[in-house]
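First comes the structure, then the notes that go with it.
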Amino acid sequence: QVQLVESGGGLVQAGGSLRLSCKASGRTFSTYAMGWFRQVLGKEREFVATTTYTGPNNYRADLADSVKGRFTITRGNAENTILQMSSLQSEHTAVYYCAAASTVATVSRRAVNSYQYWGQGTQVTVSS
């Protein structure tokens, strides 16, 4: 059974930083795409960042334009992905979800429906 478990969310003041981690289990994730989305109550879930497999131990990072320069995504190993968030502002407040995709992409990896597996989410709240 595939499980994605996020950690690292919480309350932070504007201008601060947070590091979100996602740990995957249940199978081998070495060729999976793993990424992050976020959702604000009443709004659609939106793409934040992802890592896609490009070869043995190699992953390509892709970030939404809105977070470039503030966020970075890394793949610690096949089962872990890290979202480092800096210079946080109130607009970054959301529930952040880890996602994983095993199948060949038929739609953009920036699309919610490109991912088969999801974590429970972790709340990030930025106070101004």
Please round to the nearest 0.5 Å and tell me the distance separating atom [atom1] of [X] and atom [atom2] of [Y].
{"X": "L4", "Y": "F29", "atom1": "CG", "atom2": "CZ", "value": "6.0 Å"}
{"X": "M85", "Y": "L18", "atom1": "CE", "atom2": "CG", "value": "4.5 Å"}
{"X": "S17", "Y": "Q84", "atom1": "OG", "atom2": "CD", "value": "6.0 Å"}
{"X": "H92", "Y": "S66", "atom1": "NE2", "atom2": "OG", "value": "6.5 Å"}

Do [X] and [Y] have side-chain heavy atoms sitting under 4.5 Å apart?
{"X": "W118", "Y": "V112", "value": "yes"}
{"X": "W36", "Y": "C98", "value": "yes"}
{"X": "D62", "Y": "R109", "value": "no"}
{"X": "T93", "Y": "V40", "value": "no"}
{"X": "S21", "Y": "R19", "value": "yes"}
{"X": "L20", "Y": "E6", "value": "no"}
{"X": "Y59", "Y": "S30", "value": "yes"}

Show me, pair by pair, the donor-acceptor contacts under 3.5 angstrom made by side chains of residues 42-55, not counting sequence neighbours?
{"unit_1": "R45", "atom_1": "NE", "unit_2": "Q39", "atom_2": "OE1", "d": "3.1"}
{"unit_1": "R45", "atom_1": "NH2", "unit_2": "Q39", "atom_2": "OE1", "d": "3.2"}
{"unit_1": "E46", "atom_1": "OE2", "unit_2": "R38", "atom_2": "NE", "d": "2.6"}
{"unit_1": "E46", "atom_1": "OE2", "unit_2": "R38", "atom_2": "NH2", "d": "3.2"}
{"unit_1": "T50", "atom_1": "OG1", "unit_2": "M34", "atom_2": "O", "d": "3.4"}
{"unit_1": "T50", "atom_1": "OG1", "unit_2": "Y115", "atom_2": "OH", "d": "2.8"}
{"unit_1": "T51", "atom_1": "OG1", "unit_2": "M34", "atom_2": "O", "d": "2.9"}
{"unit_1": "T51", "atom_1": "OG1", "unit_2": "R75", "atom_2": "NH1", "d": "3.0"}
{"unit_1": "T54", "atom_1": "OG1", "unit_2": "N58", "atom_2": "O", "d": "3.2"}

> Backbone N or O of G16 within a donor-acceptor pair of the S87 side chain at under 3.5 Å?
Replying inline: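 Here the side-chain-to-backbone pair does not exist.
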For residues [X] and [Y], report the shortest heavy-atom separation together with the two atoms involved.
{"X": "V124", "Y": "G9", "result": "CG2-CA, 4.2 Å"}
{"X": "S114", "Y": "S108", "result": "CB-O, 3.3 Å"}
{"X": "A14", "Y": "Q89", "result": "CB-OE1, 4.1 Å"}
{"X": "A111", "Y": "F37", "result": "O-CZ, 3.8 Å"}
{"X": "Y97", "Y": "G121", "result": "CD2-CA, 3.6 Å"}

>> Using the rule that Ile, Leu, Val, Met, Phe, Trp and Tyr join whenever any side-chain heavy atoms are under 4.5 Å apart, tell me whether V95 and L88 fall into a single cluster.
In response: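 V95 does not cluster with L88.
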> Mind checking what makes salt bridge (Lys or Arg N to Asp or Glu O under 4.0 Å) contact with K23, not counting sequence neighbours?
Replying inline: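 Not a single residue meets the salt bridge (Lys or Arg N to Asp or Glu O under 4.0 Å) criterion with K23.
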